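Just so you know, these numbers come straight off a predicted model, no measurement behind them.
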Amino acid sequence: MSAMHGSDAVNDVEGTPEAQSTLVALIKAAFPHETVPDSAYERTADIVQKQAEESAWLRLKLAQGLDSLQALAGGRFHELTTLEALPLLLRIQHTTYFGFVRQTVVVTLYEDEEVWEALGYEGPSFDKGGYIDRGFDDLDWLPEPRIEEYDGEPLQEVVSDLPASASTSSTRGAAVPAGQSSARAGRVGNRRKGQA
């Protein structure tokens, strides 16, 4: 948690357990996963706090944002369910601090190996020789494909002989390079050696 609690704090909330629990609740509401443990959300909140401390402006915005979020929720944002928190998140979705939290969480939460395990991601396979022998082509979630030969009436040709008007010969002139008019292209083409 932030070391800014006390006289250096932006407001009464910054660096408090209340701010931390509000931030964790904010992340959980914005990125809800039933199987992701709270510890992963708490680690992500710590990273958000740490990155905010690198900029006085972000630190200020985050502290004020968490304080205002608590105010919007009547001081109990961390007690709200995801559905109860959603309207409040929609109200703050365009704020600077929410954008900062969102962009930080998108990267950090989904880099957490505990989250990978909770979501069923086995992690990168490069160090294990790639996915080729690790079930990359497992299709057990699809129905078995139907493989049969067609034994009905003979099929009619959809495209038969093309009419004469649909020939591929063109009546258009030669292509003109881009940026050059056809009139100029004609002059250049008809110019003889020695003519200006």
Side-chain angles (χ1 to χ4, degrees), residues 1-138 140-141:
M1 187 62 209
S2 171
M4 296 298 170
H5 185 55
S7 61
D8 294 335
V10 171
N11 54 26
D12 293 341
V13 176
E14 185 183 29
T16 64
E18 177 187 352
Q20 177 73 358
S21 65
T22 302
L23 182 56
V24 170
L26 166 63
I27 296 169
K28 287 176 71 172
F31 298 87
H33 297 287
E34 289 181 11
T35 56
V36 171
D38 286 349
S39 57
Y41 288 110
E42 291 165 0
R43 282 191 298 276
T44 301
D46 289 343
I47 292 170
V48 170
Q49 288 280 2
K50 188 175 179 181
Q51 289 189 8
E53 289 174 8
E54 294 175 5
S55 162
W57 186 76
L58 281 176
R59 193 182 124 222
L60 174 70
K61 289 294 181 184
L62 182 62
Q64 290 177 339
L66 293 176
D67 194 29
S68 66
L69 187 60
Q70 276 289 67
L72 287 172
R76 56 176 199 88
F77 184 79
H78 61 281
E79 296 174 7
L80 300 179
T81 66
T82 301
L83 285 178
E84 292 170 333
L86 181 61
L88 299 180
L89 295 183
L90 292 174
R91 288 181 65 181
I92 64 166
Q93 67 179 328
H94 299 297
T95 61
T96 301
Y97 92 92
F98 184 76
F100 165 69
V101 170
R102 182 184 61 230
Q103 71 184 23
T104 306
V105 171
V106 162
V107 175
T108 57
L109 180 65
Y110 297 108
E111 283 186 349
D112 192 306
E113 291 187 18
E114 198 171 16
V115 174
W116 294 354
E117 186 176 330
L119 298 179
Y121 175 55
E122 296 176 10
S125 66
F126 181 77
D127 60 339
K128 299 174 180 92
Y131 290 111
I132 190 95
D133 295 323
R134 299 184 62 227
F136 84 101
D137 57 349
D138 289 349
D140 54 355
W141 50 276

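- To the nearest 0.5 Å, atoms CD (Q93) and CG (L88) are separated by 12.0 Å.
- Here the straight-line distance linking atom CD of Q103 with atom OG1 of T108 works out to 10.5 Å at 0.5 Å rounding.
- Here the side chains of Y97 and L26 are in contact, with some heavy-atom distance below 4.5 Å.
- The closest side-chain heavy-atom distance from F31 to T44 is not below 4.5 Å.
- Listed here is the closest heavy atom pair of I92 and T95: O-OG1, 2.7 Å.
- Among V106, V107, V105, the single residue meeting the side chain to side chain contact (heavy atoms under 4.5 Å, CB included) criterion with L109 is V105.
- The backbone N or O of K128 lies less than 3.5 Å from no partner atom in the side chain of S125, so there is not a single donor-acceptor pair.
- Taking CZ from F77 and CG from L89, the interatomic distance works out to 4.5 Å, rounded to the nearest 0.5 Å.
- Atoms CD and CZ, from Q49 and R59 in turn, are 10.0 Å apart once rounded to the nearest 0.5 Å.
- Under the 4.0 Å criterion applied to side-chain N and carboxylate O atoms, E114 and R43 are assigned as salt-bridge partners.
- In this structure, A45 and V24 approach most closely via the heavy-atom pair CB-CG2, 3.6 Å.
- Between atom OH of residue Y121 and atom CD of residue E113 there is a gap of 10.0 Å, rounded to the nearest 0.5 Å.
- Listed by first and then second residue, the side chain to side chain donor-acceptor pair (under 3.5 Å) pairs that reach into residues 26-38 are K28-D38, H33-Y110, sequence neighbours excluded.
- Dense packing is recorded around CD of Q51, with more than 12 heavy atoms of other residues, nucleotides or ligands lying under 6.0 Å away.
- Annotation: side chain of V48 is in contact with side chain of F100 (closest heavy-atom distance under 4.5 Å).
- Between V36 and D112, every side-chain heavy-atom pair lies at or beyond the 4.5 Å cut-off.
- The heavy-atom pair separating H78 from S21 by the smallest distance is CB-O, 3.8 Å.
- Partner of L62 under the side chain to side chain contact (heavy atoms under 4.5 Å, CB included) criterion, chosen from L60, L66, L58: L66.
- Put simply, CG on L23 and CD on E42 are 11.0 Å apart, with the number rounded to the nearest 0.5 Å.
- For the pair D46 and Q20, the tightest heavy-atom approach, listed with the atom from each and the gap, is OD1-NE2, 2.9 Å.
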